[in-house]
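Reading through the structure tokens given below for one structure.
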Amino acid sequence: MMMNLLEVKQFYFSYPNQSTPILKDVNFSIETGSFNVLFGKSGSGKTTLLQHLKPQLAPVGQTQGEILFLGKSVKELSLRTQSQDIGYVLQNPDNQLVTDKVWHELAFGLENLGYDTETIRLRVAEMASYFGIHNWFDKNVAELSGGQKQILNLASVMVLNPKLLILDEPTSQLDPIAAKDFLETIYKINQDIGTTIVMTEHRLQEVFPIADQVLLLEKNKPLIHGTPKEVGQILRETKGDMFLAMPIPMQIAASVEKQGTDLPLTVRTGRAWLDSLDLKEKLIEEISPVTSDSKKIVLEAKDVWFRYEQMSQDVIKDLSLKIYQGEFFGLVGGNGTGKSTALSLLGGIRQPYRGKIKVAGQSIQKYDGQALYQNLLGVLPQNPQNLFIKDTVLEDLYEVVGGMEDKDLPYYAISMTKKQMVEGISNLTHLTHLWQQHPYDLSGGEQQRLALAKILLLRPTILLLDEPTKGLDDFYKEELGQILQQLNGQGITIVMVSHDIEFVANYAHRCGLFFNGNLVSIQPTREFFAGNQFYTTTANRMARQYFPNGITLKDVVGCINHQKSF
Amino acid sequence: MNEQQKTSSKQDPFSKSHPFVNLFYFVCVIGVNMFLVHPIILGFSLIAASLYTARLHSWQSVFRQFFKFLLPSMMIVLFFNVLFNHNGETVLYRFSNGKPITLEAMVYGGLLSVVLAVTILWFRCYNQVMTSDKFIYLFGRILPASSLVISMVFRFVPKFSRQVTLVRQGQQALGRDVTDGTLKERLNHGFSIFLVMITWALENAIDTADSMKARGYGLSGRSSFSVYRLTRRDWWLLTILTSSFGYFMYTVVIGTFSMTYYPKVQLSVWPLTWTSATGMIAFFLLINLPVLLAYVEEAYFKRLRKQAKHHVRLPDYFKQ
């Protein structure tokens with residue numbers, strides 16, 4: 001009989017000074033060579049559990065129960081064995097890089113273990129070739145893209161040839177294309193080399209179909225584990241929150257059928273399932289929410305050109321764009337097409353060398369520095385952390401309005417007191433319970449909401465968001481989407497740059513596809529996605545032969561229910 | 001690092017040789033330049049340094065640096081030497097307090113200013129050739145722990161300054177950058193940014209420490225790896241460097257290049273003797289080695305290309 005690589009038996013853990021354990025009676029085992037995905041809401045203790053699998057990194061606190069690695073307690077493993085046999089990749093690609101050169105980073109682990117130069121040369125060469133690093137082997141790590149950095153982190157762990165590879169949300173800081181590449185690399189490692197994988201991940205759409213075992217960790221609940229289909233089935237029966245995170249085909253099937261256990265995981269199996277239903281083609285009819293003629297233009301780019309340096313290539317080429325009052329505009333497109341640059345031009349962070357940007361009918365250059373960002377434009381940067389400046393959430397919020405005392409500020413001629421303002425915004429963005437925390441300790445979704453709250457305190461009428469869903473799990477995404485919708489309902493114009501087409505399809509009124517420094521097409525969201533063959537939502541890809549313009553989960557489920565009843 | 005990318009169209013074979021060869025060359029050249037104030041040697045150095053800088057960057061940038069920075073600083077050196085050095089017997093002018101301006105002080109000041117210019121040019125080449133990893137490699141052999149620390153510093157500094165830019169952009173969008181508001185507000189904004197950067201650095205250091213621990217940092221018997229190898233060519237270069245430098249130093253020591261400035265300027269190199277001529281040749285070879293190497297390589301490639309054009313007679317099965 002094959003021995004399990006890892007066995008966790010009745011494991012408990014509590015942080016010091018906390019009465020309730022964060023991990024409670026955790027039991028599971030990991031087969032040698034399997035691909036395991038751990039998921040759950042943030043704050044459920046996923047990272048803590050992973051850290052305990054490699055005691056070098058385990059936090060201080062009280063433990064009970066045991067974790068066996070190849071039949072031996074992990075705590076008894078020597079540091080050398082731990083370093084060599086259990087690899088660990090963390091979330092942030094930047095912070096894990098220790099040295100300044102790619103080759104040095106690859107060699108770092110082997111140096112620590114004291115290998116001689118010849119062995120290191122061979123192992124490093126091997127790894128660089130396997131991961132396709134040889135093309136940028138001599139570079140400085142600072143020159144690499146986020147995706148390359150994370151691949152480098154992976155390679156510099158794999159160079160030690162671990163038996164178990166642990167990854168803690170490795171793709172949360174990456175854009176979708178880099179994330180997909182990364183996950184494919186992990187899968188390749190698992191298939192080619194047989195390394196056992198345990199990872200936490202919120203892109204369940206992509207990892208569910210390839211996982212052997214999935215484990216759901218929830219606060220104060222026993223751990224659920226099994227094959228992806230089994231766990232999906234359990235979640236569907238118990239109506240758990242996390243069902244939101246399941247692959248779209250599975251969600252569609254589950255919300256239509258009442259019984260049936262063979263839920264589809266991929267678009268392909270989803271299509272086969274749809275075919276079995278014997279459906280008729282149907283178009284969704286609805287009135288476009290924004291009619292361009294009747295509305296006022298609040299933000300406009302006119303023949304805008306931009307490049308970073310005089311001698312470099314144009315990043316934005318002859319861009320013209322009109323944003324109407326009160327709309328929700330989504331700017332989508334591939335990596336490096338200039339989306340974020342376009343947004344920073346609209347937000348006045350950078351200036352075009354040719355062409356004009358107009359805000360509320362006036363050239364952006366005519367605004368004095370502070371006037372533009374108060375009561376008018378709000379710009380949310382890609383990494384919300386860049387906005388935080390104080391030690392607690394509350395202080396950080398008050399910082400925007402100039403401190404706690406109620407003195408009049410030139411840009412604050414409103415009847416509310418500051419306290420009312422801060423409380424109001426905190427309620428809207430669900431931050432009240434986090435007031436005393438350090439902004440850096442918040443989870444990704446909470447940080448995003450705090451950044452949004454800070455911007456909102458300046459009462460913008462136009463909100464520019466750069467990748468607001470980056471690193472958020474589906475639960476937080478939905479929360480953020482609802483907040484944005486609420487703001488939009490209050491008359492705030494929203495322009496969002498995003499890779500996340502599912503999110504854009506759910507919330508935006510109009511969409512534009514950015515390509516090669518320009519907008520290729522601008523259309524109302526439904527027509528936009530229905531017209532695309534590849535660059536469209538999962539739901540649309542799955543069901544387009546029956547419902548060509550059904551783009552969201554709700555659309556498709558609605559259409560099926562209309563024709564079928566189970 | 002950026003400059004290296006810009007000039008990558010121009011190859012410099014010397015930069016690609018072993019770091020030790022590079023270091024040895026610069027120590028010899030800059031050492032001679034600083035301790036031997038001799039017009040002929042300095043003239044050679046000036047030409048060689050300009051040639052090599054032009055090769056690594058461009059002639060345009062050499063001239064730009066010369067007029068913008070070198071010439072003014074040379075003038076200052078000359079000016080001060082003439083004004084405050086009153087040695088020498090050829091008096092050109094006498095101030096009312098009796099202090100003279102002498103020809104000798106002028107000559108010496110002029111030479112000193114050339115020393116300054118040449119040294120700056122050499123250090124510009126040095127910066128281009130001796131990249132951080134070469135430096136780390138060389139000094140890591142002496143102090144293994146320090147090489148990792150230096151490498152980590154080189155990693156941290158660009159990361160930190162990038163984050164400062166990002167935070168400032170974020171604050172700019174809130175109207176709270178260091179350039180916004182009254183002086184007091186600006187100071188306040190700047191201080192807040194400074195504080196949050198410290199928090200940020202400490203936060204991230206935890207991750208880095210975890211990543212180091214996870215890969216076995218702190219175990220005993222750490223080794224030090226490098227991508228460099230001493231090739232046969234490096235040995236050749238070293239041989240040429242040591243022999244030319246050795247012979248040149250020999251001619252210096254026996255007094256071929258001795259020079260007195262006060263009370264009267266006296267050069268010992270002229271008339272040309274056997275030793276002074278060969279000494280000069282050796283020095284010429286020494287300082288121009290990188291440029292010569294580049295020319296040889298270029299000529300070699302030209303010949304190869306020509307050969308490829310004329311003599312290609314591939315077997316039939318290569319044709320498609």
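Letters go in sequence order (proteins before strands), and every chain restarts at 1. Owing to the predicted nature of the structure, the values given are computational and were not obtained by experimental measurement.
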With a 4.5 angstrom heavy-atom cut-off, is it the side chain or the backbone of [X] that approaches chain B, or both, or neither?
| X | value |
| --- | --- |
| A/Asp441 | side chain |
| A/Leu97 | both |
| A/Gln84 | neither |
| A/Leu464 | neither |
| A/Ser344 | neither |
| A/Ile349 | both |

- Query: Around atom CZ of B/Phe191, are there more than 12 heavy atoms of other residues, nucleotides or ligands at under 6.0 Å?
  - Reply: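 Open: at most 12 neighbouring heavy atoms sit under 6.0 Å from CZ of B/Phe191.
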- Query: Around B/Phe301, counting heavy atoms of other residues, nucleotides and ligands shown, do more than 12 lie under 6.0 Å from its CZ?
  - Reply: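 Count not over threshold, so no.
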- Identify which of A/Tyr115, A/Phe137, A/Tyr88 forms the greatest number of heavy-atom pairs closer than 4.5 Å to chain B.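 Among A/Tyr115, A/Phe137, A/Tyr88, the one with the most close pairs to chain B is A/Tyr115.
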- Query: Can you tell which of A/Gly378, A/Ser156, A/Ala142 has the highest number of heavy-atom pairs within less than 4.5 Å of chain B?
  - Reply: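 Going by pairs under 4.5 Å, I would pick A/Ser156.
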- Test side-chain hydrogen bond (donor to acceptor under 3.5 Å, both in side chains) on A/Asn386 and B/Gln163 and set out the steps. CA-CA 8 Å; A/Asn386 300 344; B/Gln163 182 66 19; 2.9 Å; yes
Heavy atoms, side chains only, cut-off 4.5 Å: are [X] and [Y] in contact?
| X | Y | result |
| --- | --- | --- |
| A/His438 | B/Thr199 | yes |
| A/Ile389 | B/Ile193 | yes |
| A/Arg80 | B/Ser220 | yes |
| B/Glu203 | A/Gln385 | no |

Quick one: pull up [atom1] in [X] and [atom2] in [Y] and give me the separation to the nearest 0.5 Å.
| X | Y | atom1 | atom2 | answer |
| --- | --- | --- | --- | --- |
| A/Phe108 | B/Met152 | CZ | CE | 7.0 Å |
| B/Phe154 | A/Asn140 | CZ | CG | 9.5 Å |
| B/Leu166 | A/Gln382 | CG | CD | 9.5 Å |
| B/His189 | A/Glu399 | NE2 | CD | 6.5 Å |
| A/Asn92 | B/Asn204 | CG | CG | 6.5 Å |
| B/Asp210 | A/Gln51 | CG | CD | 6.5 Å |

- For the side chain of A/Gln56 and the backbone of B/Lys213, is there at least one donor-acceptor N/O pair under 3.5 Å apart?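 Such a contact is found between A/Gln56 side chain and B/Lys213 backbone.
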- Query: Where do A/Asn95 and B/Thr208 land on the side-chain hydrogen bond (donor to acceptor under 3.5 Å, both in side chains) test, with the steps shown first?
  - Reply: CA-CA 5 Å; A/Asn95 295 346; B/Thr208 311; 5.3 Å; no
Search all heavy atoms of [X] against all heavy atoms of [Y] and return the closest pair with its distance.
| X | Y | answer |
| --- | --- | --- |
| B/Asp207 | A/Leu90 | OD1-CD2, 3.9 Å |
| B/Ala214 | A/Leu57 | CB-CD1, 4.1 Å |
| A/Thr117 | B/Ser224 | OG1-O, 4.1 Å |
| A/Ile120 | B/Ser223 | CD1-OG, 3.8 Å |
| A/Thr99 | B/Ser151 | CB-OG, 3.2 Å |

- Query: If you count heavy-atom pairs under 4.5 Å between each of B/Gly221, B/Gly216, B/Gly170 and chain A, which one has the most?
  - Reply: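 Ranked by heavy-atom pairs under 4.5 Å with chain A, first place is B/Gly216.
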- Identify whether the distance between the nearest side-chain nitrogen and carboxylate oxygen of A/Glu111 and B/Arg215 falls below 4.0 Å.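 Not counted as a salt bridge, because no side-chain N and carboxylate O are separated by less than 4.0 Å.
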- Message: So that I can tick it off, tell me whether B/Arg155 and A/Asp94 are bridged by a salt bridge, with the cut-off set at under 4.0 angstrom between side-chain N and carboxylate O.
- Response: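 Judged by the 4.0 Å cut-off on N to carboxylate O distance, A/Asp94 and B/Arg155 do form a salt bridge.
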- Sequence-distant partners of B/Phe225, ring pair (Phe, Tyr, Trp, His ring centres under 6.0 Å), two or more places apart: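 Listed in chain order: nothing, the list is empty.
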- Contacting region of B/Arg162 [heavy-atom separation from chain A under 4.5 Å]: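 Side chain only.
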- With sequence neighbours left out, what residues match A/Tyr440 under side-chain hydrogen bond (donor to acceptor under 3.5 Å, both in side chains)?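 Per chain and number, A/Tyr440 pairs via side-chain hydrogen bond (donor to acceptor under 3.5 Å, both in side chains) with no residue.
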- Mind telling me whether B/Tyr228 and A/Trp103 have parallel, tilted or perpendicular rings, with 30° and 60° as the class edges?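 A/Trp103 and B/Tyr228: perpendicular rings.
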